[in-house]
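Worksheet for the structure shown next.
A quick note: this is a predicted structure, and the numbers were derived from the prediction, not measured.
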Amino acid sequence: MRCPCCDFDNLPGVDHCSFCQQDMSQQDRPMPHDRVEQALMRETVATLQPRRALTLPPQATLAEAVLCMAQHDIGAVLVVEPGEVLVGILTERDVLFRGVAREVQHRPISEWMTRRPETVRDTDSLALALHKMDCGGYRHLPVVRDRRLVGVISVRDLLGYITRICLASHVGSHHAG
């Protein structure tokens with residue numbers, strides 16, 4: 001992808017020109033082909049109204065985290081330090097594959113959490129959130145603003161949104177004919 005300022009030939013998808021540091025994030029935008037693609041590219045993560053995240057401090061034990069997830073019927077807790085600073089995420093998969101298999105339920109969750117988890121901002125597009133989930137195999141994405149946790153979205157939230165668009169489109173096409 002060529003920089004419009006210096007004509008340097010950059011790798012596709014870069015955010016800044018490797019030569020002159022010009023912002024290139026708007027240069028390589030895909031074009032939507034249908035209503036779902038338009039919505040995913042236009043709407044932001046805030047559209048999903050990220051729900052308040054269940055949080056625990058890094059010192060909480062694995063047993064406490066599991067109990068918390070079970071009581072709230074959720075698949076992940078976000079690990080925060082004072083001031084809601086996100087430091088990790090602990091998912092049911094982390095517990096299943098890393099924690100419960102060993103006799104360590106009373107160890108701190110900081111030993112099992114995923115550090116520096118992938119996040120989205122509430123101003124990011126839904127397409128970006130979906131892309132991050134797809135590429136990383138994530139089912140939950142913390143939502144941050146100014147590096148502070150504001151909520152969490154799940155793959156179910158995105159699927160529900162896409163389903164509503166498809167149903168609205170389907171219902172609209174029946175009324176038009």
Side-chain angles (χ1 to χ4, degrees), residues 13-16 23-26 28-30 36-102 104-165:
V14 297
D15 288 333
H16 293 89
D23 181 12
M24 305 261 301
S25 60
Q26 301 298 316
D28 195 21
R29 293 262 179 202
V36 173
E37 288 180 4
Q38 286 174 342
L40 289 173
M41 292 173 72
R42 180 186 65 243
E43 297 297 334
T44 66
V45 170
T47 302
L48 298 179
Q49 299 177 337
R51 65 193 168 283
R52 181 158 164 65
L54 185 62
T55 63
L56 290 173
Q59 303 80 16
T61 66
L62 194 58
E64 290 170 322
V66 168
L67 180 62
C68 212
M69 285 191 274
Q71 287 175 337
H72 291 89
D73 194 27
I74 58 171
V77 293
L78 300 178
V79 185
V80 295
E81 291 180 339
E84 294 295 294
V85 175
L86 180 69
V87 295
I89 184 170
L90 182 79
T91 68
E92 57 198 2
R93 287 182 175 185
D94 293 328
V95 172
L96 182 63
F97 296 122
R98 297 184 196 170
V100 174
R102 303 176 190 117
V104 292
Q105 293 91 335
H106 301 290
R107 303 290 302 158
I109 59 176
S110 59
E111 293 180 17
W112 311 110
M113 70 183 187
T114 300
R115 295 182 185 280
R116 294 176 299 284
E118 191 68 56
T119 63
V120 289
R121 296 172 299 192
D122 55 356
T123 56
D124 287 336
S125 71
L126 293 177
L128 177 64
L130 186 60
H131 178 72
K132 285 186 174 193
M133 287 179 159
D134 181 42
C135 289
Y138 309 130
R139 294 184 299 151
H140 302 89
L141 277 178
V143 180
V144 296
R145 184 182 309 126
D146 299 323
R147 300 183 61 204
R148 301 270 189 242
L149 180 66
V150 296
V152 64
I153 60 172
S154 71
V155 71
R156 283 185 183 183
D157 298 328
L158 279 164
L159 286 173
Y161 178 79
I162 292 168
T163 300
R164 287 189 297 278
I165 292 171

(request) Report, as yes or no, whether the 6.0 Å neighbourhood of atom CZ on R51 holds more than 12 heavy atoms from other residues, nucleotides or ligands. (result) yes
(request) Using a cut-off of 6.0 Å, state whether more than 12 heavy atoms not belonging to H131 lie near its atom NE2. (result) no
Restricting to non-hydrogen atoms, name the atom on [X] and the atom on [Y] that form the minimum distance, rounded to 0.1 Å.
{"X": "P108", "Y": "P58", "result": "CB-O, 3.6 Å"}
{"X": "S154", "Y": "M133", "result": "C-CE, 3.4 Å"}
{"X": "K132", "Y": "Y138", "result": "O-CD1, 3.4 Å"}

Any chance you could measure [X], atom [atom1], to [Y], atom [atom2], to the nearest 0.5 Å?
{"X": "T119", "Y": "R145", "atom1": "OG1", "atom2": "CZ", "value": "13.0 Å"}
{"X": "T47", "Y": "D157", "atom1": "OG1", "atom2": "CG", "value": "12.0 Å"}
{"X": "L40", "Y": "I165", "atom1": "CG", "atom2": "CD1", "value": "6.0 Å"}
{"X": "R42", "Y": "S125", "atom1": "CZ", "atom2": "OG", "value": "11.5 Å"}

Flag the pair [X] / [Y] as yes when at least one side-chain heavy-atom distance between them is below 4.5 Å, and no otherwise.
{"X": "L48", "Y": "L126", "value": "yes"}
{"X": "E64", "Y": "I109", "value": "no"}
{"X": "H140", "Y": "I74", "value": "no"}
{"X": "V77", "Y": "H72", "value": "no"}
{"X": "E84", "Y": "L149", "value": "yes"}
{"X": "L90", "Y": "M69", "value": "yes"}
{"X": "P117", "Y": "L86", "value": "yes"}
{"X": "L78", "Y": "I89", "value": "yes"}

(message) Between V36 and I162, is the side chain to side chain contact (heavy atoms under 4.5 Å, CB included) condition met? List the steps.
(response) CA-CA 7 Å; V36 173; I162 292 168; 4.2 Å; yes
(request) Run through L141, D124, L158, L128 and flag the one making a side chain to side chain contact (heavy atoms under 4.5 Å, CB included) with V45. (result) D124
